Undergrad: 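Below is one structure. I have some questions about it.
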Amino acid sequence: MKLATWNVNSLKVRLPHLLEWLAANPVDVVCLQETKSEDKNFPLAELQQAGYQVAFSGQKTYNGVAILSRQPIGDVQCGIPGFEDEQKRVIAATIDGVRVVCVYVPNGQEVGSDKYQYKLKWLAAITAWLKEELAKHPRLALLGDYNIAPEDRDVHDPVAWQGNVLVSAPERDAFKALLQLGLRDAFRLFEQAEKSYSWWDYRMMAFRRNMGLRIDHILISPALQCSACHIDKAPRKLERPSDHTPVVAEVA
DNA sequence: ATGGCCGCCCTAGGCGGA
């Protein structure tokens with residue numbers, strides 16, 4: 001089963017890239033973030049035409065998540081149970097016996113800000129919920145835009161970024177708390193090229209200069225075998241790309 | 001030194017992203 005995650009930064013704008021990518025990479029499951037699309041505007045027909053069933057939870061302007069699947073989608077859950085949140089950042093579903101959890105972790109804006117506090121609370125809430133979810137569904141994959149670069153090797157310039165949002169110690173501790181649930185970072189199960197990133201700023205020719213961060217991740221539970229994981233930089237080279245690029249893992 | 005790009009929205013400058 002091939003699983004992918006991609007922050008598309010507007011599904012409306014990126015739909016041609018997504019369809020092109022799916023045609024070239026017919027993965028089984030795709031988790032999307034930042035669809036920025038109300039449910040009534042979701043491009044359902046186009047994605048069904050491409051062979052995918054879809055579950056989505058969107059809102060105007062901001063956030064928005066979706067799961068695309070070639071196999072039937074069951075037991076769809078939106079949001080974190082017991083955590084009041086108007087922002088559409090979580091959708092989970094069971095596909096072929098695997099609990100697929102798609103997340104768009106808050107950005108946090110600036111260390112110490114209200115949004116940063118919200119990010120840490122949100123991460124604590126989802127970690128507590130995932131602990132329960134793992135007990136119910138040992139075969140679980142957590143995919144998405146985590147807005148956390150877990151280690152310095154996931155940052156193009158660790159000195160410049162030190163202490164910044166996305167790399168601060170409390171955020172990295174929150175990521176480690178997910179690993180402590182038994183989840184494994186699929187990307188780091190395999191040898192990877194140095195300076196592998198999943199996001200590059202639109203400014204400063206950051207992609208061309210490979211000034212990036214690895215903030216999009218696929219975490220998998222111990223019950224899942226993982227045979228490969230890679231970042232696909234190809235879509236970042238297209239005209240009008242998303243600032244994030246897909247991450248793909250193969251599990252069984 | 002600063003900001004430099006995108007996408008969004010009550011179409012235009014401000015917000016949020018990372």
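Below, each value reflects all heavy atoms present in this structure, side chains not excepted, and no hydrogens, waters or symmetry copies. Keep in mind that this is a model prediction, so the values were computed, not measured.
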Undergrad: Indicate the atoms forming the closest heavy-atom contact of A:V90 with A:I80, along with that distance.
TA: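 Minimum heavy-atom separation between A:V90 and A:I80: CG2-CG1, 3.9 Å.
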
Undergrad: Closer than 4.0 angstrom, basic N to acidic O: yes or no for A:R153 and A:E194?
TA: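 Salt bridge between A:R153 and A:E194, a charged N being under 4.0 Å from a carboxylate O: no.
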
Undergrad: Out of B:dC6, B:dC8, B:dA18, which has the shortest distance to the side chain of A:Y202?
TA: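 Closest nucleotide to the A:Y202 side chain: B:dC6.
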
Undergrad: Reckon A:N9 has a side-chain N or O less than 4.0 Å from the OP1 or OP2 of B:dG7?
TA: no

Undergrad: Quote, to the nearest angstrom, the C1' distance that separates B:dA18 from B:dC6.
TA: 12 Å

Undergrad: Between A:R209 and A:L166, who's closer to the 5' end of DNA chain B by nearest nucleotide?
TA: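 Closest to the 5' end, via its nearest nucleotide, is A:R209.
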
Undergrad: Taking the P atom in each of B:dC8 and B:dG3, what is the distance between them to the nearest angstrom?
TA: 25 Å

Undergrad: With a cut-off of less than 4.0 Å, is there a side-chain N or O of A:Y104 near OP1 or OP2 of B:dA18?
TA: yes

Undergrad: To the side chain of A:K60, which of B:dC10, B:dC8, B:dG17 is closest?
TA: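 Within the option list, the nearest is B:dC10.
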
Undergrad: Using OP1 and OP2 only, check whether a side-chain N or O of A:S10 sits under 4.0 Å from B:dC8.
TA: yes

Undergrad: Between A:N147 and B:dA18, is there a side-chain N or O to OP1/OP2 distance below 4.0 Å?
TA: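 So the side-chain polar atoms of A:N147 do come within 4.0 Å of the phosphate oxygens OP1 or OP2 of B:dA18, strictly under.
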
Undergrad: If only side-chain N and O atoms of A:H244 are considered, is one of them under 4.0 Å from the OP1 or OP2 phosphate oxygen of B:dG17?
TA: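 So the side chain of A:H244 is outside the cut-off, no N or O lying under 4.0 Å from OP1 or OP2 of B:dG17.
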
Undergrad: Take the protein atom CD of A:Q33 and the nucleotide atom C1' of B:dG7, then report the distance between them rounded to whole Å.
TA: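 Those two atoms, CD and C1', are 17 Å apart.
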
Undergrad: With a cut-off of under 6.0 Å to the ring centre and 45° to the axis, is A:R89 in cation-pi contact with A:Y104?
TA: yes

Undergrad: How close or far is atom P of B:dA18 from atom OH of A:Y118, stated in whole angstroms?
TA: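 After rounding, the reported distance stands at 12 Å.
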
Undergrad: Quantified in whole Å, what is the C1' atom distance between nucleotide B:dC5 and nucleotide B:dC10?
TA: 25 Å

Undergrad: Nearest whole angstrom, please: distance from the P of B:dC6 to the CZ of A:F207.
TA: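 These atoms are roughly 13 Å apart.
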
Undergrad: Between A:W199 and A:V13, which is nearer to the 5' end of DNA chain B once each is assigned its nearest nucleotide?
TA: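 First, find each residue's nearest nucleotide; the 5'-ward one identifies A:V13.
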
Undergrad: Less than 4.0 angstrom between a side-chain N/O of A:R203 and OP1 or OP2 of B:dA18, yes or no?
TA: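 False: A:R203 side-chain N/O out of range (4.0 Å or more) of B:dA18 OP1/OP2.
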
Undergrad: If we take the C1' atom in both B:dG7 and B:dA12, what is their distance in whole Å?
TA: 14 Å

Undergrad: Are A:K237 and A:D232 ion-paired here, with the side-chain N under 4.0 Å from a carboxylate O?
TA: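 No, no charged N to carboxylate O under 4.0 Å.
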
Undergrad: Do A:I73 and A:L3 belong to the same hydrophobic cluster, where Ile, Leu, Val, Met, Phe, Trp and Tyr are linked whenever their side-chain heavy atoms lie under 4.5 Å apart, directly or via other members?
TA: yes

Undergrad: Rounded to the nearest Å, what distance is computed from the NZ atom of residue A:K36 to the P atom of nucleotide B:dG7?
TA: 8 Å

Undergrad: Give the nucleotide from the list B:dG16, B:dC9, B:dA18 with an atom nearest to the side chain of A:T61.
TA: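 Of B:dG16, B:dC9, B:dA18, B:dC9 is nearest to the side chain of A:T61.
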
Undergrad: Hey, does the side chain of A:S198 reach the backbone of A:I215 with a donor-acceptor pair shorter than 3.5 angstrom?
TA: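 Yes; judged by distance alone, with no hydrogens or angles, the pair exists.
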
Undergrad: With a 6.0 Å cut-off (strictly less than), is the heavy-atom count around NZ of A:K119, excluding the residue itself, greater than 12?
TA: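 Count over threshold, so yes.
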
Undergrad: A:D157 has an atom CG; how far is it from atom P of B:dA18, in whole Å?
TA: 20 Å

Undergrad: Counting any heavy atom closer than 4.0 Å, what does A:D145 reach on the DNA or RNA strands: base, sugar-phosphate only, or nothing?
TA: sugar-phosphate

Undergrad: How long is the line joining CZ of A:R208 and C1' of B:dC5, in whole Å?
TA: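 In whole Å, B:dC5 C1' and A:R208 CZ are 15 Å from each other.
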
Undergrad: How far, in whole Å, is B:dG4 from B:dC9 if one measures between their C1' atoms?
TA: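 Per the computed distance, 23 Å lies between those C1' atoms.
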
Undergrad: Heavy atoms under 4.0 Å, any strand shown: does A:N7 hit a base, just sugar-phosphate, or nothing?
TA: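 Touches sugar-phosphate only.
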
Undergrad: If I take atom CG in residue A:N41 and atom P in nucleotide B:dC8, what distance separates them, rounded to the nearest angstrom?
TA: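 That distance rounds to 11 Å.
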
Undergrad: Side chain of A:N107, base of B:dA18: donor and acceptor closer than 3.5 Å?
TA: yes

Undergrad: If you compare every side-chain N and O of A:K115 against the phosphate oxygens of B:dG16 (OP1, OP2), does one of them come in below 4.0 Å?
TA: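 Affirmative; the distance criterion is met.
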
Undergrad: If the P atom of B:dA1 is compared with that of B:dG16, how far apart are they to the nearest Å?
TA: 28 Å

Undergrad: Can you check the A:Q59 CD to B:dC8 C1' distance for me, whole Å?
TA: 12 Å

